[in-house]
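Some notes on the structure that comes next.
Start at 1 and go down the list; that is how both ligands and their atoms are numbered. Just so we're clear, the structure is a prediction, and the values are computed from it rather than from any experiment.
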Amino acid sequence: MRTLIVLLTSILMASPLTAHAQDNRAALEAVAKALGAADLKSIEIQGGGAFFWAGQSYTAGRAWPEFNVRSFTRVVNYDTASLRDDMVRTRALEPPKGGGPYVRGEHTAVAVLSGEYAWNVVGDAATPAPIALAERQFQLWSTPHGVIKAAMAGKGTLQGRTIAFGVPGSFKATATLDAASLIERVDATLANPVVGDMAVTVSYADYRDFGGVKFPTRIRQIYSGFPALELTVTEVKPNAAADITVPDAVKQAGNPYVKVTSQKAADGVWYVTGGTHHSVVIEMKDHLIVVEGPLNDDRALAVIKEARTLVPNKPIKYLVVSHHHFDHSGGVRAFAGEGVTLITHDASKAYVEKVVAAPATVSPDHFAKSGKKVAVEGVRDRRVLTDGTRTVEIRQIAGIQHADDMLMVYLPKEKFLIQADAYTPPAPNAAPMSPPSPFNISLAENIKQQGLAVDQILPLHGRMVPLAELHKAAGVTH
Ligand SMILES: [Zn+2]
């Protein structure tokens, strides 16, 4: 229980010795009894349905792309604040529309949380995913038994038919009880690097008894107004084995987002890598342009620091946003907090304006603390930034089904093309996808139709490669 008490602090005041507090305790215990939570230390649930990847829509501010969930297994250990989700899924659309990993056919995703650590498992390898910590903590404590355990451990308060609970810095929530004192709904505000405070709702219906423990067999989650999960639960095992331990590699990883490596790609052009998402710093006569502020504050602030180390005497004037997907725009607010003008495709201009007007009360970020106001500028087909010495062309990747606001950056003198997600070079000796990814084909077509003379591609995932690598991947023959 120690972990619980450390993790959970009620957002409401509790004064343990008053009659009111005793009433509150009794009321919470009644809810725990209705749910069969008293002797429940862990739980395993199984089911299937649909998953929708929040932050990866085709159009900014619209529905998340759908995946069919063939099987979903969730194991929760309430005593150690641990959770493991195994999801076997396929994309609902083939070819896909929108983001999220493009894997053909069935694939498995494993997401794990234990205490303050979040990580993913791919094959045998554990990859730290601290960016997912707040969301996974929410997933754990918003389970029906999680709500009551969080409230009781953190001295949460029941008022009328709602229980207030939360994890400071991650989320705050209220759960609503139905007539049978079962949790029917959780309304939460979740800390999110892109949108600041993100509204999330979970609804629970059709509770059944599983060996003395009540659990809903229909679960629906809504993120920012759109479905994120629709699950039919088929099996529940109270007190199932749930030995989830943090791998040493995850414990020792530190913060992966602050690791920055710069490579000079040409005079005044640096490819800034070191993690999963890259940026490019371009030096102009009296200012800098940064292409891509990915992931979160930690990453974006590390990139900003690196840009200032590379060119100490010139301010960053523009940030070019490749597209609106959460992993590529999680640093937009940090750049805005430095007063940098944001350049995005016209299709996402209103969305980005909303992003830099949104509050972040659960976890006040760099932008929220800065009090800055910034300009957002749109590009439709093409915009040229020049100062007489260098030309930077920002162009749309037209027609690509990954997102409707995809921008690429072309440097005509260097013959560089900077782009995200349209083409990510595979490992050097990996076989190309067959048939080719439609995203790769779109990029190759755009380069040809827009008449770009490209020598090297600087992808915002992966590694710098000659254009021939894209042609090979896209099945282009000359
Ligand atoms: Zn994307």
Side-chain angles (χ1 to χ4, degrees), residues 51-67 89 91-104 107 109 120 129 131-132 135 192-195 223-224 226 228 257 273 275-280 290-296 299-300 303 319-333 335 342-349 351-352 355 379 394-409 417-426 433 436-444 446 457-463 470 473-474:
F51 166 76
F52 307 80
W53 199 299
Q56 297 290 333
S57 57
Y58 173 71
T59 299
R62 304 289 281 275
W64 316 123
E66 183 175 356
F67 294 70
R89 64 197 183 201
R91 290 203 77 116
L93 288 180
E94 177 58 53
K97 190 169 181 177
Y102 180 25
V103 183
R104 286 206 181 100
H107 53 283
N120 300 325
I131 200 164
E135 203 259 341
N192 179 275
V194 182
V195 299
Y223 278 42
S224 283
F226 297 102
Y257 309 123
T273 63
T276 53
H277 292 65
H278 313 327
S279 300
V280 176
V290 177
V291 183
E292 207 76 319
L295 294 167
N296 56 11
R299 181 66 191 172
V303 170
L319 173 74
V320 181
V321 183
S322 73
H323 62 305
H324 71 276
H325 288 164
F326 277 10
D327 57 324
H328 291 273
S329 58
V332 163
R333 285 171 61 94
F335 277 86
L342 308 169
I343 298 181
T344 181
H345 188 264
D346 277 352
S348 293
K349 185 168 176 271
Y351 175 80
V352 173
V355 158
V379 175
I394 304 165
R395 292 168 169 266
Q396 185 186 16
I397 309 177
I400 192 166
Q401 295 297 291
H402 185 75
D404 67 358
D405 65 339
M406 299 277 282
L407 293 178
M408 56 184 173
V409 176
L417 186 77
I418 304 157
Q419 58 77 38
D421 292 358
Y423 169 58
T424 296
M433 201 178 201
S437 153
F439 301 158
N440 295 178
I441 294 171
S442 267
L443 180 63
N446 270 276
I457 296 180
L458 279 61
L460 300 174
H461 295 291
R463 63 205 157 82
L470 167 66

Side chain to side chain contact (heavy atoms under 4.5 Å, CB included), paired with Ile394, selected from Val320, Ile418, Val291 = Val320

In chain order, what residues pass the salt bridge (Lys or Arg N to Asp or Glu O under 4.0 Å) check against Lys97, with sequence neighbours excluded?
-> none

Counterpart residues, salt bridge (Lys or Arg N to Asp or Glu O under 4.0 Å), relative to Arg299 (two or more places apart) | none

Listing protein N, O or S under 2.8 Å around the Zn ion (ligand 1) gives His323 NE2, His325 ND1, His402 NE2, Asp421 OD2

Rounded to the nearest 0.5 Å, how far does CD1 of Ile343 lie from NZ of Lys349?
-> 11.5 Å

Can you give the donor-acceptor pairs under 3.5 Å from side chains of residues 59-67 to other protein atoms, not counting sequence neighbours?
{"unit_1": "Thr59", "atom_1": "OG1", "unit_2": "Asp404", "atom_2": "OD2", "d": "2.9"}
{"unit_1": "Trp64", "atom_1": "NE1", "unit_2": "Tyr223", "atom_2": "O", "d": "3.1"}

Name the one of Tyr423, Tyr102, Phe439 that satisfies ring-ring contact (aromatic ring centres under 6.0 Å, His included) with His402?
-> Phe439

